[in-house]
2 protein chains.
Amino acid sequence: MIVHVPQIGRVQCERCPIRHRAVCAKCDADELAHLDTIKAYRSWKAGETVVMEGEALDFAASVVAGCATLTRSLEDGRTQMVGLLMPSDFIGRPGRATAPYEVVAATDLTLCMFRREPFQALLAEMPHIRERLLEMSLDELDAAREWMLLLGRKTAREKVASLLLIVLRRSTLDTAGGAHAELPLSREAMAAYLGLTIETVSRQITALRKDGVITLQGNRGIECGDLFALAGEAGEDFDGSVIS
Amino acid sequence: MIVHVPQIGRVQCERCPIRHRAVCAKCDADELAHLDTIKAYRSWKAGETVVMEGEALDFAASVVAGCATLTRSLEDGRTQMVGLLMPSDFIGRPGRATAPYEVVAATDLTLCMFRREPFQALLAEMPHIRERLLEMSLDELDAAREWMLLLGRKTAREKVASLLLIVLRRSTLDTAGGAHAELPLSREAMAAYLGLTIETVSRQITALRKDGVITLQGNRGIECGDLFALAGEAGEDFDGSVIS
DNA sequence: CGGCCGGTTGATCTCAGTCAATGCGTGTGG
DNA sequence: CCACACGCATTGACTGAGATCAACCGGCCG
């Protein structure tokens with residue numbers, strides 16, 4: 001079910017915050033001008049459903065602001081998050097008319113949307129978009145496989161540390177080696193992402209706090225003075241550096 | 001380490017068994033002719049390593065015959081299979097020079113290989129290959145996400161049933177609703193794929209046999225008289241039909 | 001004030017992991 | 001030809017990490 005929230009003011013592509021990372025990253029000025037004519041912004045409040053699993057998907061979109069989740073479910077209600085969409089990430093698949101996943105706004109969310117058919121046409125005309133979409137899909141595939149390693153082989157503590165690390169690496173860095181951030185996910189969403197229960201997530205966060213690896217500010221705020229230490233807890237082979 | 005096995009006789013692209021499903025599926029006769037000039041076949045015995053994790057990857061390739069596995073590992077040796085490559089599946093990524101996964105021949109394996117630079121050039125010249133690669137990458141992404149649901153939320157019995165179902169659906173169907181196949185994977189490889197131990201895999205296979213869901217012929221042969229029943233055990237929402 | 005929602009904490013249970021022994025088929029060397 | 005070892009799979013006994021069930025806490029809103 002699409003919840004209709006008033007569209008926020010349209011931003012010109014040239015000034016768009018995700019201009020250089022989204023599916024349109026490689027487009028030139030002319031192409032952007034064309035995109036400007038067919039795009040539409042729409043917003044959702046945190047918790048609202050954007051698309052239901054199995055529902056018709058008559059659009060493609062980029063996340064402009066906020067955070068959305070992709071989840072798959074079994075009949076009996078067990079659910080697993082299979083993707084976490086941050087600004088510049090893409091929703092939709094050329095040649096596919098129904099959504100294989102449920103899409104939910106994790107925080108307040110704004111999408112830059114294209115109706116399906118015009119977008120298909122765009123893909124045919126603009127090689128820059130096809131190229132960028134391939135790159136982004138391959139990045140998603142790598143991320144999904146990394147997540148498979150986490151789901152299949154990491155302990156609860158390592159899983160929680162890995163997620164915190166992902167969020168912290170995307171956020172403000174303070175003095176050398178430290179960072180703080182607001183979690184975009186509730187405990188329930190974290191559990192769905194990690195293949196755990198909310199109780200276990202809560203216990204592991206508490207444990208990491210008691211062990212001095214992180215400190216908390218309220219339910220959503222986390223701070224970590226030593227990302228290398230956190231990376232160690234996450235079972236990572238490498239360093240605590242920021243992603244590119 | 002690449003183990004050098006004598007190349008098997010080169011097959012003309014036109015007569016290639018994976019002609020219509022591989023990365024070259026959309027190519028026309030001229031394009032195939034060009035491919036013919038730059039490809040090379042190479043074979044590996046079951047168990048041999050094709051590429052090590054983190055090693056330089058100076059080629060792209062399609063699986064012509066046999067079955068290969070992609071695995072990611074943690075420092076302490078825990079490993080998770082993140083992909084199972086069957087004939088027509090693709091190895092390698094444009095713009096990436098090192099392998100993020102270990103590639104191992106699960107059965108005797110033959111690849112159709114292209115050196116990296118010529119393949120990059122090909123991608124630039126032949127939109128048909130780019131298009132097909134995008135399609136295949138998106139299919140892989142869907143498969144990876146399906147696997148995330150399995151790893152995060154399914155029980156050991158459901159996991160094993162799911163894997164058997166995948167193998168059986170790819171194989172010969174007998175009378176309505178039944179199928180039999182030779183597993184391309186050892187118990188160890190199955191465990192790596194399912195995020196389980198070999199003992200648990202073995203126990204669950206035994207349990208499915210004792211419950212009359214499947215019958216075994218030796219270590220690798222499995223038969224299932226009722227794929228719908230097996231699909232039920234796998235926790236699938238839908239039917240027991242063959243994949244496209 | 002009271003109910004609700006999200007999160008934490010505690011007690012107990014259970015499924016899958018661990019450790020260890022055994023079975024079975026195959027190849028090898030005396 | 002047999003004896004043995006080796007690789008792979010099975011089976012059993014026990015353990016433990018994380019799930020389950022349940023109580024409780026604190027902030028927020030009507």
Side-chain angles (χ1 to χ4, degrees), chain A residues 45-48 69 74 76-80 104 106-107 150-164 182-211 214-222 233 235, chain B residues 45-48 69 74 76-80 104 106-107 150-164 182-211 214-222 233 235:
Chain A
K45 293 257 170 221
E48 288 176 349
T69 65
L74 295 170
D76 60 10
R78 284 175 285 175
T79 71
Q80 175 64 48
V104 175
T107 63
L150 176 144
L151 290 172
R153 296 301 181 192
K154 288 192 177 181
T155 65
R157 186 180 174 100
E158 288 169 338
K159 285 179 175 182
V160 170
S162 298
L163 178 53
L164 297 183
E182 289 293 303
L183 288 170
L185 300 178
S186 65
R187 295 290 183 271
E188 186 177 6
M190 292 176 67
Y193 202 174
L194 299 171
L196 297 171
T197 58
I198 48 178
E199 293 95 329
T200 300
V201 171
S202 183
R203 279 187 245 272
Q204 296 303 331
I205 288 181
T206 303
L208 287 171
R209 179 176 56 72
K210 284 187 177 161
D211 293 348
I214 56 170
T215 53
L216 306 179
Q217 291 115 21
N219 281 339
R220 297 293 186 105
I222 46 165
E233 295 293 346
Chain B
K45 294 253 171 229
E48 288 175 350
T69 64
L74 294 170
D76 60 10
R78 282 175 286 175
T79 72
Q80 174 64 48
V104 176
T107 63
L150 176 143
L151 290 171
R153 296 301 181 192
K154 288 192 177 179
T155 64
R157 185 180 175 102
E158 288 169 337
K159 285 179 175 182
V160 170
S162 298
L163 177 53
L164 297 183
E182 289 291 303
L183 288 170
L185 301 178
S186 65
R187 295 290 183 272
E188 187 177 5
M190 292 177 67
Y193 203 176
L194 299 170
L196 297 171
T197 59
I198 49 178
E199 292 96 328
T200 299
V201 171
S202 182
R203 279 187 245 271
Q204 296 303 331
I205 288 180
T206 302
L208 287 170
R209 179 176 55 72
K210 285 188 177 161
D211 293 348
I214 56 171
T215 53
L216 306 179
Q217 290 115 24
N219 281 339
R220 297 293 186 104
I222 46 165
E233 295 293 346

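Worth knowing before you read on, the calculation uses all heavy atoms, side chains too, and leaves out hydrogens, waters and symmetry mates. Letters A, B, ... mirror the listed sequences (proteins, then strands); counts begin at 1.
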Undergrad: Looking only at the side chain of B:L196 (C-beta and beyond, no hydrogens), which of the listed nucleotides C:dA16, D:dT11, D:dG18 gets closest?
TA: C:dA16
Undergrad: In whole Å, what is the span from the CG atom of A:N219 to the P atom of D:dC28?
TA: 10 Å
Undergrad: Between the base of D:dC8 and the side chain of B:E188, is one N or O donor paired with an acceptor at under 3.5 angstrom?
TA: no
Undergrad: How long is the line joining CG of B:L194 and P of C:dG17, in whole Å?
TA: 10 Å
Undergrad: Counting side-chain heavy atoms from C-beta on, which of C:dA20, C:dA16, D:dA19 comes nearest to B:E199?
TA: C:dA20
Undergrad: So, applying side-chain contact (heavy atoms from CB on, under 4.5 Å) with A:V160, which one of A:K154, A:R203, A:Q204 is it?
TA: A:Q204
Undergrad: Rounding to an integer number of Å, can you tell me how far B:I198 CD1 sits from C:dA16 C1'?
TA: 14 Å
Undergrad: Below 3.5 Å, does any donor atom in the side chain of B:R209 face an acceptor in the base of D:dT11, or the other way round?
TA: no
Undergrad: Give me the atom names and distance for the closest heavy-atom approach of B:L151 to B:K159.
TA: O-NZ, 3.8 Å
Undergrad: Would you mind reading off the distance between B:L216 atom CG and C:dG25 atom P, rounded to a whole angstrom?
TA: 14 Å
Undergrad: What integer distance in Å separates A:I205:CD1 from C:dT9:P?
TA: 11 Å
Undergrad: I'd like to know if A:R220 reaches the base of C:dG7 with its side chain, counting only an N/O donor and acceptor under 3.5 Å.
TA: no
Undergrad: Between D:dG18, C:dT9, D:dG12, which nucleotide has the shortest distance from any of its atoms to the side chain of B:R203?
TA: D:dG12
Undergrad: Taking OP1 and OP2 of C:dT9, is either one under 4.0 Å from a side-chain nitrogen or oxygen of A:T206?
TA: yes
Undergrad: Looking at D:dA19, I'd like to know if its phosphate oxygens (OP1 or OP2) sit under 4.0 Å from a side-chain N or O belonging to A:T197.
TA: yes
Undergrad: Out of A:T155, A:L208, A:L164, which one pairs with A:E233 under the side-chain contact (heavy atoms from CB on, under 4.5 Å) rule?
TA: A:L208
Undergrad: Whole Å only: how far is the CG atom of A:L183 from the C1' atom of C:dG7?
TA: 13 Å
Undergrad: Send over the distance from A:R78 CZ to D:dA19 P, rounded to a whole Å.
TA: 13 Å
Undergrad: Under 4.0 angstrom, heavy atoms only, what part of the nucleic acid is A:G195 near: base, sugar-phosphate, or nothing?
TA: sugar-phosphate
Undergrad: Under 4.0 Å between a side-chain N or O of A:S202 and OP1 or OP2 of C:dG7?
TA: no
Undergrad: B:R153 has an atom CZ; how far is it from atom P of D:dG18, in whole Å?
TA: 13 Å
Undergrad: May I ask you to decide if A:L196's main-chain N or O and B:R153's side chain share a donor-acceptor pair within less than 3.5 Å?
TA: yes
Undergrad: Picking from C:dT18, D:dG18, C:dT8, which would you name as closest to the side chain of A:R187?
TA: C:dT8
Undergrad: Is a donor on one side and an acceptor on the other found under 3.5 Å between the side chain of A:E48 and the backbone of A:V104?
TA: no
